[in-house]
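Just so it is clear: chains get the letters A, B, ... in the order the sequence lines come, proteins before strands, and each one is counted from 1.
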Amino acid sequence: MRTSRFLLILLALILGMALVACGGTATEEPASSPTEQTAEEAAPAATTAPAEEAAPAPTTAPSTSGSGKVQIRWFVGLGTGTNAEQVATQEEVVADFNASQDKIELVLEIVPNDSAVQTLSTQIASGNGPDVIGPVGWTGSNSFFGQWLDIGPLVEASGFDTSVFDPALVDSYQTEEGQVGLPFAVFPAAVYFQPALFDEVGLAYPPQNYGDMYELDGEEVEWNWDTFAEVARRLTIDVNGLNSTEEGFDRTQIQQVGYQPQWQTHTNYMASYRAGATKIYEGDTPGSYVSTMPESWKEANRWVYDAIWGEQPFAVPASVTGAAEWGGGNVFNSGRAAMIITPLWYTCCLGEFAAAGLEFQAGILPLGDDGEYHGRVDADTFRIWKGTKNPQEAYTVLQYLITTGADKLLPVYGALPAIPDKREDFWAGQTERYPFLSPESIAVFEAGLSYPDAPSAEQYQPNYPEAWSRGQTFFDLLLNTAPTQLDFDKEWDQLVTDLEAIYNRQ
Amino acid sequence: MFEQLNRGMPQLPSLRAYRALSSVKRREMREGLLFISPWLIGFLVFTILPILASLFFSFLDLKITDGILSTPKFVGLRNYQQLFNDPQIWRFGSQTPGSMWITFRFGMIALPVAILLPLGLALLMNNRYLKGSTPIRTLFYMPYIIPFVAAIFLWGGMLNPETGWINRALMNMGVPRTMVPNWANDVNWVYPTYVILGIWGIGNAMLITLAGLQGVPTALYDAAKVDGANAFQSFRNVTFPMISPVIFFNLVLAIVGLFQYFLVPLVVNNGTGRPGGATMFYNLYLYRTFFVFQNMSYGSAMAWLLFVIILIFTVLLFRTARYWVYYAGEARS
């Protein structure tokens, strides 16, 4: 009897332990807790084929709140918008919107960035997706290719005047899925340069008007990639004060570079800048996909490789830029780079540069080999889920966010407004931080909005996260490997082979 | 050694033998099973079930982003077919080799160090002329008790090209700044760096080898000396055969560890494969396929391939053991 009782207690204990072991933790993070956005390794999740068919068909039954209003859920987490200040502002915008409405109730859902993809994909798969999603860039949205609503008809029906935007920006959101967004937060690219370093070697500054020529050795020449490279070589100085074009230049002891591929370190970025945007795959089902990266993209990447490893280098390998004296990767901020090419968001990270008394200005991007300018515009916006039950109401919210709401949202997102009338405050903030920033430089950035990469350098590719990662590995190889160890053509062919294998993996 | 371990393992009786047991013995067995049942349940639920699930997944088309409520399709051997044709796994002889070749290439450097260095240190510790062997032995073992991730961060600081004391010491010795290694960020230095990091954890292998050395009867050395054997002959004909089970044990663990190599590239190079894809070890690629690319089915197929490869290597090692591993008192077949 005693034994049986003992065994019963023991059994209960075992079951209890098993239950505890199988249970979740009691201290799970609340869904709304704000977190900082994670770095690049918060890679988006994969989708292989366009998931158009997977999107639940919209139904007409409206989801209403207790007050009888149509409830619209705004999902934040795929991009910026999750830090405390941003959350507070977003809540304020939601309150403002709701106060102005008697038909729609806007509900904010904040999801930590590192779990946003999984949360959203689960919501979508269960047919319970949010209505409005954003701010989100291309990378974040690629994970949900096929799930975005074509808002073109809604824009047209609403009578919203899209001419407030640069037409090129509106067109950049025209994808295979239709018009998937409207411009909101934009970051046009430009050549950042240090005038003082140009002065030191007696070179003219990069032009500040698209279409202008460059003066080199007393002659007017096109500001193209060859000119850019030549200027960069003359600005690359070794420990003995020699530049890269001079006899005796010591490439092992470079003290200053003319150019550095900084934070745009992906095969697609450099190719888009130099050779222009293009769709880089064809096919519509796994098994049929082929890589269509043009020869010009290969040459664009070879240009970067030669910049680092060529006979007259004007950039340094990653092993050098990682050093503290080179800014730990933030080379331009260290003052050691005369030029870099990057979008406007880079103004985030020039505090030490400015504090050291250094100055930068913006120049136009070089002319491509095809005689066209090819820019890049990083952009975040709001999108509508294809399966929303209330597309009209969701669009009303979206339009509010990119217009009225933008006044409060864009300052906390730190982005240039896509609507020109709203830019004054942004530039006032920039010139407060960087008093030396000239009106001409501001004009260069704004002019860059006319040259977006469409399709984006971050465009959708099948099995996007892995395909993107492979391109990154290739570029990393260029930054790290000398020609004695690397056959560029062979590696490029392998990149294409790998991409096709990734695209076609089911 | 494994045979010796197996000999000591209690065996569950067959059903007929169980029925033949006395009631007391039966009750003892039932209670025994009951006592270990928390572990058994945990093993079934958290090990056996996931293993079987991963085998099942490997025949499906399952991705997390397809959603938990979507119905995965049965695709037969398609994942395995793609796996055997994946250039990112099998490519040989390139600057961006396949992850399997990366693993093998690293193994060629790391395995000899993982076997020979503990052996060398153990021989040193076992040397009667070494004064203070006990504190030295403790010192060599101590790093092993430090959590490996903490140790990796520690080494990351030491090997920092700019602020690490190793490069600073090199520069103080006159090595030009441009010539000091960039360690984990240089395609040429990253494997040696990882090997150096691995040395941190050899204390355990050293201790096991030392235990083996101390178990060699001194009479054998005396006999060898009488026969005129020099130190090398003594090592070759006495020490090595007598500690060969220990070396075999270390080798098996090292090979299994090589194929499972993951933590160091994940922590040191953020699991990105940097520099230039040189650190995309098979197990890291497997991890990324699962948790970054979220392709559960392909990742499961990769996991099973890893299991099969480790099994093959282990079986091959066991097959070769009869030729070079000596178990005292065991009749050779």
Side-chain angles (χ1 to χ4, degrees), chain A residues 3 7 10-11 13-14 17-18 21-22 39-41 43-48 51 54 117-118 121-127 143-144 252-253 318-320 322-325 328 463 465-466 469-470 472-474 476-481 485-487 490-491 494-495 497-498 501-502 504-506, chain B residues 27 30-31 34-35 37-38 41-42 45-46 61 63-70 73 75 78-79 82-83 85-88 91 94-97 160-163 176-179 181-183 185-189 270-278 280 288-289 291-295 297-298:
Chain A
T3 311
L7 285 174
L10 193 65
L11 194 64
L13 267 174
I14 291 165
M17 286 165 71
C22 296
E40 61 175 304
E41 275 312 300
T47 52
T48 40
V117 168
Q118 284 181 27
S121 57
T122 305
Q123 288 185 2
I124 287 176
S126 61
S143 300
F144 300 94
T252 65
Q253 298 198 69
S319 56
V320 175
E325 65 200 61
N463 278 322
E466 190 171 1
S469 171
R470 182 63 184 88
Q472 208 153 37
T473 299
F474 176 79
D476 195 47
L477 196 69
L478 302 187
L479 296 178
N480 281 288
T481 319
Q485 294 179 294
L486 185 138
D487 179 340
K490 187 179 164 193
E491 291 299 331
Q494 286 177 357
L495 169 69
T497 305
D498 287 357
I502 293 166
N504 289 300
R505 186 176 301 146
Q506 297 180 47
Chain B
R27 200 185 69 215
R30 279 200 305 271
E31 288 175 5
L34 199 61
F35 272 107
S37 59
I41 291 167
V45 173
F46 299 113
D61 178 12
K63 288 178 184 164
I64 282 188
T65 42
D66 289 346
I68 52 169
L69 300 182
S70 66
K73 289 194 294 279
V75 294
R78 193 182 70 193
N79 288 315
Q82 290 182 348
L83 183 60
N85 291 306
D86 190 342
Q88 291 191 94
R91 184 185 296 122
S94 141
Q95 267 305 318
T96 42
N160 184 296
E162 286 302 310
T163 56
R177 191 183 193 87
T178 50
M179 299 295 285
N182 200 19
W183 302 110
N185 300 314
D186 186 321
V187 284
N188 298 308
W189 277 100
N270 298 322
T272 56
R274 285 177 184 151
M280 190 53 73
R288 284 174 69 81
T289 301
F291 299 108
V292 180
F293 310 144
Q294 304 203 348
N295 192 337
S297 289
Y298 195 66

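Looking at A:E491, the atoms closer than 4.5 Å to chain B (heavy atoms on both sides) all sit in the side chain, from C-beta outward. Looking at B:R30, neither its backbone nor its side chain comes within 4.5 Å of chain A, counting heavy atoms on both sides.
Heavy-atom pairs under 4.5 Å with chain B were tallied for A:G322, A:A318, A:S469, A:A501; the largest tally goes to A:S469. Between chain B and the options A:E325, A:Q123, A:Q253, the largest number of non-hydrogen pairs under 4.5 Å is found for A:E325.
Distance check: B:Q82 CD to A:N504 CG gives 8.5 Å after rounding to the nearest 0.5 Å. To the nearest 0.5 Å, atom CD of residue B:Q294 and atom CG of residue A:N463 are 11.5 Å apart.
Between the side chains of B:N188 and A:Q485, at least one donor-acceptor pair of N or O atoms lies under 3.5 Å.
Nearest heavy atoms, A:N480 versus B:N185: OD1-O, 3.3 Å. Of all the heavy atoms in B:P87 and A:D498, the pair that sits closest is CG-OD1, 3.1 Å. Contact detail for B:D86 and A:R505: the closest heavy-atom pair is OD2-NH2, 2.7 Å.
Side-chain atoms of B:N182 come within 3.5 Å of backbone atoms of A:S319 as a donor-acceptor pair (strictly under, hydrogens ignored).
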Test side chain to side chain contact (heavy atoms under 4.5 Å, CB included) on B:R274 and A:Q472 and set out the steps.
CA-CA 10 Å; B:R274 285 177 184 151; A:Q472 208 153 37; 4.2 Å; yes

